[in-house]
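Structure record follows, encoded as structure tokens.
Throughout, protein chains are lettered first and strands after them, A, B, ... in sequence-line order, and every chain is numbered starting at 1.
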Number of protein chains: 2
Amino acid sequence: MYAILLTKRPTPMYAFEPPTRLTSVFETLRREIVAGELRPNSPLIELDLAERFEVSRTPVRESLQRLAAAGLVVPRKRGWAVREFSTEEIRENAEVRLALEGYAAGLAAIRASAAQIAELKAIHERRLALHSSNEKMRVKTNREFHDAIMVASGNGRLTNAIYHSGQFYFNAPIARAATGDELALGNADHELILSAISQRNADAAERAMRAHIKRTFAVFWRLTGKDVAGPPDVA
Amino acid sequence: MYAILLTKRPTPMYAFEPPTRLTSVFETLRREIVAGELRPNSPLIELDLAERFEVSRTPVRESLQRLAAAGLVVPRKRGWAVREFSTEEIRENAEVRLALEGYAAGLAAIRASAAQIAELKAIHERRLALHSSNEKMRVKTNREFHDAIMVASGNGRLTNAIYHSGQFYFNAPIARAATGDELALGNADHELILSAISQRNADAAERAMRAHIKRTFAVFWRLTGKDVAGPPDVA
DNA sequence: GTATGCGATCTTGTATGCAATATTGCTTAC
DNA sequence: GTAAGCAATATTGCATACAAGATCGCATAC
């Protein structure tokens, strides 16, 4: 149900860029930060990284500039450190995602082609047919479902923004597992979203998606044990 | 009425970073791209820039990496060029902004302090009292109004995302002037938004803000002469 | 006039050098 | 034992060097 938060997808931002040492270092560091392999606040020493990647400091430094612009590393008095996100910041990101993905669902209700809606239905069916222990496929179909809606929104930049707003949850302790109840509710949410999109009801689709994402983050709050209010009800 | 699109505000992303040649080059280029002084698709030659800024290629290259991550320059077969935004991309950005700023207005209705609401009212009053020829103050009060709502949303990242989504309109031919009718409608929009926030009606605030932004972009479409459908009605 | 080769030039990607400054750790005074 | 001072070290910001590859222009062939 929460797989989209764990998706590793190459950012399309540099689609036509030839691979260089810089891009390789950047992608690797990005993945490691996002996956939590590099712990928050650990300092990033240029020379160490250069040694590790067997390159000179130049491509390392340029990678760090990209990471900085992406908000994944923060400046220290000297050099950079892996950014740490507070619970408060995670809540803020949840709200951004809520705003964006909810809107995307509404757009999808308006713009989705018949084929796209059929595809969405097919994904949902596949998901319902899964055995409850099949976590891998559950993760996969969830991602597919959300991705298909983003695509159907007909807005590449919105898709991109949603993707980036997802990055920021990885630093937090992440739970892949939700309770059986939570999973069932998630499926019911998908059902509602799909139904609203099929009926071309943008308003309902947006509300359903917001409720769904809110539920996702409620699991986060529960698992992290932090008493942070989720995004309030809007619309 | 459209001033927020022209706002130049330092991005808080690198707040604690000491000024260096890199940051100076980056800020200058960023401003010039966003302001349209560097034309879309013009190639950015490292050596030329280095010469112009009287620095070596190193800080120039690192600036370009940041600009690339910010989406302001795009890779070419060789080097970088100022990014050009198509009408389609501008529409996409408008939708992102609609989603974000609408949601921010909804949050503001829930979270704004009494003082923040009073401030919002004061800004609106100042705006209404302006002489119609006072374009400068009209621009300023508009920015203040929108900024105050973003602050009242209590979500720094949302604010930041809205700010960044604004960058991308600068490349397009920009009109500062709207017709008298459009200005009046803009003020009426503000009135509605303010009223909804005062009454703690998140749903109404969000709808009002969406309508307002949609109207803003309608002016864009009119001025650019492009027949692009604005964002559809959602919520 | 147009196309083709080919060399000169331009531009980038990467490595390295160097000076400035932050940090560390040791020594010494108390 | 703790604090202060100071020298050694680590690390960065920037400049420069150089090779690889793209691009351009010109000469030549047709």
Side-chain angles (χ1 to χ4, degrees), chain A residues 10-11 13-33 38-84, chain B residues 10-11 13-33 38-84:
Chain A
T11 162
M13 209 187 304
Y14 311 106
F16 304 117
E17 191 182 29
T20 62
R21 302 181 200 216
L22 150 64
T23 61
S24 150
V25 171
F26 170 70
E27 287 298 343
T28 305
L29 287 179
R30 182 181 125 80
R31 198 191 55 71
E32 290 183 351
I33 293 173
L38 286 172
R39 304 308 301 274
N41 292 316
S42 43
L44 296 159
I45 308 298
E46 294 173 5
L47 213 55
D48 292 353
L49 295 172
E51 204 166 309
R52 179 185 153 201
F53 290 108
E54 297 181 300
V55 300
S56 77
R57 280 175 54 216
T58 307
V60 170
R61 284 176 60 81
E62 292 174 3
S63 299
L64 287 171
Q65 293 303 326
R66 280 201 185 175
L67 292 168
L72 292 173
V73 304
V74 289
R76 288 268 179 275
K77 256 180 302 192
R78 189 140 207 201
W80 304 96
V82 177
R83 177 163 174 186
E84 175 175 54
Chain B
T11 161
M13 211 187 304
Y14 310 106
F16 303 116
E17 192 183 28
T20 62
R21 303 182 199 211
L22 149 64
T23 61
S24 152
V25 170
F26 169 70
E27 286 298 343
T28 304
L29 287 178
R30 180 180 126 81
R31 198 191 55 71
E32 290 183 353
I33 293 172
L38 285 173
R39 304 310 300 275
N41 293 316
S42 42
L44 295 159
I45 307 296
E46 294 173 7
L47 214 55
D48 292 353
L49 295 172
E51 204 166 310
R52 178 183 154 203
F53 290 108
E54 297 181 301
V55 299
S56 78
R57 280 175 56 216
T58 307
V60 169
R61 283 178 61 81
E62 292 173 3
S63 299
L64 287 171
Q65 293 304 325
R66 282 202 184 174
L67 292 168
L72 292 173
V73 304
V74 289
R76 287 268 178 275
K77 253 180 304 191
R78 189 144 208 201
W80 304 95
V82 177
R83 176 162 174 187
E84 176 176 53

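- Applying the salt bridge (Lys or Arg N to Asp or Glu O under 4.0 Å) test to A:Arg52 and every residue at least two apart in sequence or in another chain returns A:Glu32.
- Applying the side-chain contact (heavy atoms from CB on, under 4.5 Å) test to A:Arg21 and every residue at least two apart in sequence or in another chain returns A:Val55, A:Pro59.
- Between A:Glu62 atom CD and C:dT14 atom C1' the separation is 9 Å, expressed in whole Å.
- In this structure, the side-chain contact (heavy atoms from CB on, under 4.5 Å) partners of B:Asp48, at least two apart in sequence or on a different chain, are B:Ile45.
- Counting any heavy atom pair closer than 4.0 Å across all strands shown, B:Thr58 reaches a base atom.
- Interatomic distance, CH2 of B:Trp80 versus CZ of B:Arg61, reported as 9.5 Å (0.5 Å rounding).
- Against DNA chain C, the stretch residues 43-56 of chain B makes heavy-atom approaches under 4.0 Å through B:Leu44, B:Ile45, B:Glu46.
- Every residue two or more places apart in sequence or in another chain was checked for a side-chain hydrogen bond (donor to acceptor under 3.5 Å, both in side chains) with B:Glu51, and none qualifies.
- A close approach under 4.0 Å does not occur between any side-chain nitrogen or oxygen of A:Arg61 and OP1 or OP2 of C:dT14.
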Revision key, fill the gap. Under a 4.0 Å heavy-atom criterion, the protein footprint on nucleotides 17-22 of chain C, written with B, S and -, is B--BBB
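- Residues forming a salt bridge (Lys or Arg N to Asp or Glu O under 4.0 Å) with B:Arg39 (at least two apart in sequence, or on another chain): none.
- By the side-chain contact (heavy atoms from CB on, under 4.5 Å) test, B:Thr58 pairs with B:Ser56, B:Glu62, sequence neighbours left out.
- Contact annotation: the side chain of A:Leu72 never approaches that of A:Val82 to less than 4.5 Å [non-hydrogen atoms, C-beta and beyond].
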